[in-house]
Visitor: 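Okay, here's the structure, questions in a sec.
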Protein chains: 2
Amino acid sequence: MISRPPRPRERGIPEATVARLPVYLRALQTLQDRGTATVSSEALARAAGVNSAKLRKDLSHLGSYGTRGVGYEVEYLVYQISRELGLTQDWSVAIVGIGNLGRALANYGGFGTRGFRIAALLDADPGVVGQRVASLDVGHIDKLEEVVRERGVSIGVIATPAASAQGVAGRFVEAGVTSILNFAPVVLNVPDGVDVRKVDLSIELQILAFHAQRRADGDGREAERAGLEMT
Amino acid sequence: MISRPPRPRERGIPEATVARLPVYLRALQTLQDRGTATVSSEALARAAGVNSAKLRKDLSHLGSYGTRGVGYEVEYLVYQISRELGLTQDWSVAIVGIGNLGRALANYGGFGTRGFRIAALLDADPGVVGQRVASLDVGHIDKLEEVVRERGVSIGVIATPAASAQGVAGRFVEAGVTSILNFAPVVLNVPDGVDVRKVDLSIELQILAFHAQRRADGDGREAERAGLEMT
DNA sequence: CCCACTTTGTGCGTGCTTTCACAAGCGCGT
DNA sequence: ACGCGCTTGTGAAAGCACGCACAAAGTGGG
Ligand SMILES: NC(=O)c1ccc[n+]([C@@H]2O[C@H](COP(=O)([O-])OP(=O)(O)OC[C@H]3O[C@@H](n4cnc5c(N)ncnc54)[C@H](O)[C@@H]3O)[C@@H](O)[C@H]2O)c1
Ligand SMILES: NC(=O)c1ccc[n+]([C@@H]2O[C@H](COP(=O)([O-])OP(=O)(O)OC[C@H]3O[C@@H](n4cnc5c(N)ncnc54)[C@H](O)[C@@H]3O)[C@@H](O)[C@H]2O)c1
């Protein structure tokens, strides 16, 4: 019996694909909950809101995990995607800035479901430090380095006002955290090797407004603006 | 083979550019607050965290608003970008699902600063309806159509659990809302002409985990291309 | 075994995005 | 008036991403 180990996955998964894998994963888990054993690229693509060819190409980057004529085994695919995304290990998350948003994040249950564990909540306000939020005591920001070290924090979440965000990011980097999720509306400056992603409500709204305005413009007449005389 | 007629060449700003305009706008407003009158593409690009050639090409889609040898007039550029994004008019926003996240959003001050006004908060829970949150009375979801009509809501924000999100989206669409910002971790199904954007914390964390795992994997081995380096 | 049918995996054309590199344009000093 | 230094705006090239369309591969029935 010729035993071939699973195809060695290529180390170059396109960024666009990486961004969609979590979506596929969620769709697959929904199917799993529903007791579905196998799924075709067509069906899964519909559930994920993408083109089926795109889905197949995305999955092909992980390996050949489908069966022609049948489809993909749901459970196996869940495992493969989870593994590729690094969800088979645990990630400790620290949230800094326990205000409106930080509290919502801390209280959000959907975190722990997938390998992410909130390990610490930190704030600078003496009135907030010591409070108990989501079964955790809010610590003082001064303890950031200590907390990161002792609790093995590898992902930092910034939910402070914009003015403090860069400072907090620097502290995280200094402490060895190389993955940062930033909710503050500011561009963070970090050294190479540190991965920053941002979630920006205001930007999303502005993009929606842009499209809404365009739809409204085109509705009545073609407002062809080329030159404006405003000085 | 029927050759397609020459494309209509509509007034088209690339999607990638639209997504960056809000970032430029914020950087410009920071400069404005600081009293800066003009800025070069190089300096603005640095503030926005992008390549300067990209910035110039992005801005060139709006028109020729720079002065060679000098740069861009900050105030004028703020106006032009705002106008292009549709921020010179007011947008009424309705938030549905006044839980952890909905409350954070409602209490978030950064909304109103730029053309977006929270016009209504809606929930299905009788215990939440009637509460006063951020100077607004939480209304019942049954009144969605009425509220949309009477308050001219044009952007809907969904902050309900995943199970309710599709239903709420349908109500929004039915009521004539064509711009939706979705925080629930589910793929929304909407007709053509409706613009949905999603903000998904869980996906962002998973993408961070993927890169973190890759960095860890490659630590001792072949450090493939990624633009990331360990120091 | 063969054939009809299903579904994957991917080669390829197309269009979008990014980046480089530089001519053209502008202001200032002489 | 003219040249110099600085900066924009944009061709051109390279790199990505998407989706069609189809051969390859598997299933099941006869
Ligand atoms: N609330 C929202 O819905 C929302 C939406 C989009 C963006 N944001 C952004 O998220 C961030 C937080 O928003 P929020 O509404 O929760 O603000 P908030 O003012 O309610 O909370 C901020 C918290 O950060 C703490 N803080 C300030 N400086 C700190 C520091 N140096 N170290 C540690 N903690 C510090 C404050 O004590 C406070 O508890 C802001 O940047 C905001 O622009 C919020
Ligand atoms: N809290 C977070 O930090 C966070 C982060 C990421 C994603 N999310 C997502 O955002 C959504 C909201 O999260 P949350 O933590 O605020 O949840 P939550 O349970 O605190 O709040 C949900 C609210 O929606 C209301 N609701 C339920 N069904 C409704 C319906 N049909 N119409 C109107 N209102 C309805 C509930 O009454 C409740 O008040 C969830 O989908 C969650 O997955 C939340």
Side-chain angles (χ1 to χ4, degrees), chain A residues 4 6-10 12-21 23-24 28 31 36-74 76-77 80-81 207 226-227 231, chain B residues 1-21 23-24 28 31 36-74 76-77 80-81 207 224-227:
Chain A
R4 284 267 295 170
R7 163 186 293 205
R9 55 209 135 94
E10 305 287 334
I13 298 184
E15 202 43 43
T17 294
V18 173
R20 283 187 295 265
L21 288 179
V23 179
Y24 303 155
L28 284 165
L31 289 170
T36 311
T38 64
V39 65
S40 70
S41 64
E42 196 65 52
L44 182 54
R46 212 175 311 117
V50 302
N51 177 294
S52 72
K54 180 151 66 180
L55 171 77
R56 288 196 299 275
K57 187 156 290 185
D58 282 343
L59 293 183
S60 77
H61 287 110
L62 312 190
S64 268
Y65 297 139
T67 304
R68 295 172 191 228
V70 178
Y72 301 87
E73 194 193 328
V74 174
Y76 186 52
L77 202 48
Q80 290 298 343
I81 294 179
I207 295 172
T231 322
Chain B
M1 298 300 166
I2 303 170
S3 64
R4 292 248 175 266
R7 56 194 166 131
R9 192 46 184 169
E10 64 204 66
R11 173 165 175 70
I13 296 184
E15 201 44 43
T17 295
V18 173
R20 283 187 296 266
L21 289 179
V23 178
Y24 303 155
L28 283 164
L31 290 170
T36 311
T38 64
V39 65
S40 71
S41 64
E42 197 65 51
L44 182 54
R46 211 175 312 119
V50 302
N51 178 295
S52 71
K54 180 150 64 178
L55 171 78
R56 289 197 298 276
K57 184 148 288 187
D58 281 344
L59 294 183
S60 79
H61 289 293
L62 312 190
S64 268
Y65 298 140
T67 305
R68 294 168 191 231
V70 178
Y72 300 87
E73 194 192 328
V74 175
Y76 186 52
L77 202 48
Q80 290 298 344
I81 295 180
I207 295 172
E224 257 294 64
R225 267 262 44 119

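Letters A, B, ... are given to chains in the order of the sequence lines, protein chains preceding strands, and every chain is numbered from 1.
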Visitor: In whole Å, what is the span from the CG atom of A:Leu44 to the P atom of C:dT7?
Guide: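 Value for this atom pair: 14 Å.
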Visitor: In whole angstrom, give the distance that lies between atom CG of B:Leu21 and atom P of C:dT17.
Guide: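 The distance from CG of B:Leu21 to P of C:dT17 comes to 13 Å, rounded to the nearest Å.
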Visitor: Drop me the distance from A:Tyr72's OH to A:Thr38's OG1, to the nearest 0.5 angstrom.
Guide: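 Interatomic distance, A:Tyr72 OH to A:Thr38 OG1, rounded to 0.5 Å: 12.0 Å.
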Visitor: Can you check whether A:Arg20 reaches A:Leu55 side chain to side chain, under 4.5 Å on heavy atoms?
Guide: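 A:Arg20 vs A:Leu55: side chains apart.
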Visitor: Does any non-hydrogen side-chain atom of B:Leu31 lie less than 4.5 Å from one of B:Leu44?
Guide: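 Result yes, sub-4.5 Å side-chain heavy-atom pair found.
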Visitor: Can you check the B:Leu59 CG to C:dT18 P distance for me, whole Å?
Guide: 14 Å
Visitor: Between B:Tyr24 and B:Leu77, is there a side-chain heavy-atom distance shorter than 4.5 Å?
Guide: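 Counting from C-beta outward, B:Leu77 and B:Tyr24 never come under 4.5 Å.
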Visitor: Report yes if some heavy atom in the side chain of A:Ile207 is under 4.5 Å from a heavy atom in the side chain of B:Glu15; otherwise report no.
Guide: yes
Visitor: From NE2 of B:His61 over to P of D:dT8, roughly how many Å is that when rounded to an integer?
Guide: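 Taking NE2 of B:His61 and P of D:dT8, I get 16 Å after rounding.
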Visitor: Using whole Å, what does the distance between atom C1' of nucleotide C:dT10 and atom CG of A:Leu55 come to?
Guide: 14 Å
Visitor: Quick one: closest heavy-atom pair of B:Ser52 and B:Ser41, and the distance?
Guide: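 Result for this residue pair: CB-O, 3.9 Å.
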Visitor: Quick check on C:dG9: is either OP1 or OP2 less than 4.0 Å from any side-chain nitrogen or oxygen of A:Tyr72?
Guide: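 A:Tyr72 to C:dG9 OP1/OP2: side-chain N or O found under 4.0 Å.
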Visitor: Just the atom pairs and distances: protein N or O near nucleotides 26-29 of chain D's N or O, under 3.5 Å.
Guide:
none

Visitor: Can you check nucleotides 18-21 of chain D for protein contacts, nitrogen or oxygen pairs under 3.5 Å, and list what you find?
Guide:
residue	atom	partner	partner atom	Å
D:dC18	OP1	A:Arg20	NH1	3.1
D:dC18	OP2	A:Arg20	NH1	3.2
D:dC18	OP2	A:Arg20	NH2	2.9
D:dG19	OP2	A:Lys54	NZ	3.2
D:dG19	O6	A:Lys57	NZ	2.4
D:dC20	OP2	A:Asn51	ND2	3.3
D:dA21	N6	A:Arg56	NH2	3.3

Visitor: Can you name the nearest heavy-atom pair linking B:Tyr65 to B:Gln80, along with the distance?
Guide: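 Where B:Tyr65 meets B:Gln80 most closely, the heavy atoms are OH-OE1, 3.2 Å.
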Visitor: How many angstroms lie between CZ in A:Arg56 and OG in A:Ser40, if you round to the nearest 0.5 Å?
Guide: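 Between A:Arg56 CZ and A:Ser40 OG, I get 9.0 Å after rounding to 0.5 Å.
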Visitor: Would you say C:dT7 has OP1 or OP2 under 4.0 Å from some side-chain N or O of A:Ser41?
Guide: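 Answer is no, no contact under 4.0 Å.
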Visitor: Could you check how far CG of B:Leu77 sits from P of D:dT8, rounded to whole Å?
Guide: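 Checked: the CG to P distance equals 11 Å.
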Visitor: Kindly give the heavy-atom pair with the smallest separation between B:Ile81 and B:Leu21, and that separation in Å.
Guide: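 The pair with the smallest heavy-atom distance is CG2-O, 3.9 Å.
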